[in-house]
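Owing to the predicted nature of the structure, the values given are computational and were not obtained by experimental measurement.
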Amino acid sequence: MHDGFNDSGWGCAYRSLQTIISWFRLQHYTSTEVPSHREIQQSLVDIGDKDPNFVGSREWIGAIELSFVLDKLLGVGCKIINVRSGAELPEKCRELALHFENQGTPIMIGGGVLAYTLLGVDYNEVSGDCAFLILDPHYTGNDERKKIISGGWCGWKKAVDSKGKNFFLHDKFYNLLLPQRPNMV
């Protein structure tokens, strides 16, 4: 619902991609404007990944499509990590912590029918404990930082919370898209 555009039920990966491209803009790696959903779809048609009727549709996209768009629009390469279950995500915390240390780029996590944007991890080398700083693109309210944070739309999530609830579903696979910073010469 950002910018008055209703993408409820299908736009979370598009929003995650827009966040990633915003990061590249804010870090001065590109001056490319953040693309609309339609422009993202057109990029996928232009490279031959989707048929022309994809433009204007409400079809989901995932990590692979995001990597294609980042390559086409920004020349950014990506690494993709696959896990068979949400239960395996904590096993990737050390690798994710290294990504944030070395690359710093937001990560798109896609699994089942949802996508999230990972902004950081808190990884304890000794205990192996891990928490994920998640920006949830499903938020539909006004751009009010306090409301977003207090409502849990951006915040730290444990793989299993204090009530024993899993944040990442154990019966779904996940793809993690790790955009790589361009080499600056």
Side-chain angles (χ1 to χ4, degrees), residues 7-24 37 40-41 43-44 47 49-50 54 58-74 76-139 148 152-182:
D7 61 354
S8 180
W10 63 276
C12 51
Y14 292 85
R15 299 295 183 177
S16 186
L17 176 61
Q18 290 170 329
T19 299
I20 292 167
I21 292 172
S22 292
W23 184 92
F24 279 97
H37 291 50
I40 292 166
Q41 291 172 336
S43 293
L44 292 167
I47 66 166
D49 181 62
K50 303 288 184 199
F54 178 68
R58 293 174 162 246
E59 289 185 42
W60 297 338
I61 57 174
I64 302 299
E65 289 91 351
L66 267 66
S67 72
F68 293 159
V69 174
L70 285 168
D71 182 44
K72 178 175 175 33
L73 296 182
L74 307 182
V76 167
C78 297
K79 178 179 176 183
I80 295 180
I81 298 173
N82 311 99
V83 295
R84 291 171 290 174
S85 163
E88 293 180 14
L89 271 168
E91 298 170 16
K92 301 295 181 185
C93 276
R94 186 173 196 285
E95 187 173 355
L96 297 173
L98 287 172
H99 168 81
F100 285 113
E101 186 177 311
N102 296 323
Q103 297 295 324
T105 63
I107 296 171
M108 183 276 227
I109 301 176
V113 297
L114 297 174
Y116 297 102
T117 308
L118 181 61
L119 302 176
V121 293
D122 180 17
Y123 175 66
N124 184 315
E125 288 273 351
V126 176
S127 68
D129 287 343
C130 183
F132 303 86
L133 181 55
I134 299 286
L135 175 62
D136 189 339
H138 301 94
Y139 176 73
I148 293 167
W153 297 100
C154 184
W156 291 100
K157 311 286 183 192
K158 292 267 192 187
V160 179
D161 69 15
S162 59
K163 298 175 186 168
K165 184 175 185 242
N166 298 316
F167 182 76
F168 300 108
L169 303 174
H170 287 202
D171 63 341
K172 303 292 183 198
F173 73 90
Y174 288 85
N175 290 322
L176 289 77
L177 178 82
L178 291 71
Q180 305 296 293
R181 287 186 302 170

Which residues share a ring pair (Phe, Tyr, Trp, His ring centres under 6.0 Å) with Y123, sequence neighbours left out: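 With neighbours one apart ignored, the set is empty.
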
Closest approach of [X] to [Y] (non-hydrogen atoms, all atoms of both residues):
X: F24; Y: R181; result: CE2-CA, 4.3 Å
X: P106; Y: P179; result: O-CD, 3.2 Å
X: I80; Y: N82; result: CG2-ND2, 3.9 Å
X: S43; Y: V69; result: CB-CG2, 4.3 Å
X: F132; Y: L96; result: CE2-CD1, 4.1 Å

Sorted by first residue and then second, give each salt bridge (charged side-chain N to carboxylate O under 4.0 Å, His left out) pair with at least one member in residues 106-120; sequence neighbours left out.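 Sorted result for residues 106-120: empty, none.
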
If you look only at pairs with a residue in residues 89-98, which of them pass as a salt bridge (charged side-chain N to carboxylate O under 4.0 Å, His left out), with sequence neighbours excluded?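 Counting only pairs at least two positions apart or across chains, the salt bridge (charged side-chain N to carboxylate O under 4.0 Å, His left out) contacts touching residues 89-98 are K79-E95, R94-E125.
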
For C93, what residues pass the disulfide (SG to SG under 2.5 Å) criterion, not counting sequence neighbours?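 For C93 the disulfide (SG to SG under 2.5 Å) partners, ignoring immediate neighbours, are C130.
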
Any ring pair (Phe, Tyr, Trp, His ring centres under 6.0 Å) involving residues 89-114? Give me the pairs, sequence neighbours left out, ordered by first then second residue.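 Found none.
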
State the [atom1]-[atom2] distance between [X] and [Y], to the nearest 0.5 angstrom.
X: L177; Y: L118; atom1: CG; atom2: CG; value: 11.5 Å
X: I107; Y: C78; atom1: CD1; atom2: SG; value: 10.5 Å
X: L17; Y: L73; atom1: CG; atom2: CG; value: 7.5 Å
X: L119; Y: L133; atom1: CG; atom2: CG; value: 5.0 Å

Partner residues of D71 under the side-chain hydrogen bond (donor to acceptor under 3.5 Å, both in side chains) criterion, sequence neighbours left out: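 Residues passing side-chain hydrogen bond (donor to acceptor under 3.5 Å, both in side chains) with D71: none at all.
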
Just jot down the side-chain hydrogen bond (donor to acceptor under 3.5 Å, both in side chains) partners of D122, sequence neighbours excluded, or say none.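 So D122 forms no side-chain hydrogen bond (donor to acceptor under 3.5 Å, both in side chains) with any residue.
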
Side-chain contact, heavy-atom cut-off 4.5 Å: F54 with L44?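 With C-beta onward as the side chain, the pair touches.
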
Validation row: I21, L74 side chains within 4.5 angstrom (heavy atoms):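 A side-chain contact exists here, since the closest heavy-atom pair is under 4.5 Å.
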
Counting N and O atoms only, with roles assigned by atom type, does the side chain of Q180 sit under 3.5 Å from a partner on the main chain of L178, one being a donor and the other an acceptor?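 Checking the backbone N and O of L178 against the side chain of Q180, a donor-acceptor pair under 3.5 Å is found.
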
Has the side chain of T19 got a donor or acceptor atom that lies under 3.5 Å from a matching backbone atom of R15?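 Yes.
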
Quick one: side-chain contact (heavy atoms from CB on, under 4.5 Å) partners of [X], sequence neighbours excluded?
X: L169; value: D171, K172, Y174
X: A13; value: I61, L66, M108, A115
X: F167; value: Y116, I134, K157
X: W153; value: D136, H138, Y139, I148

Hey, which of H37, Q41, E65 is the one that makes side chain to side chain donor-acceptor pair (under 3.5 Å) with Y14?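 Output: one option passes, namely Q41.
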
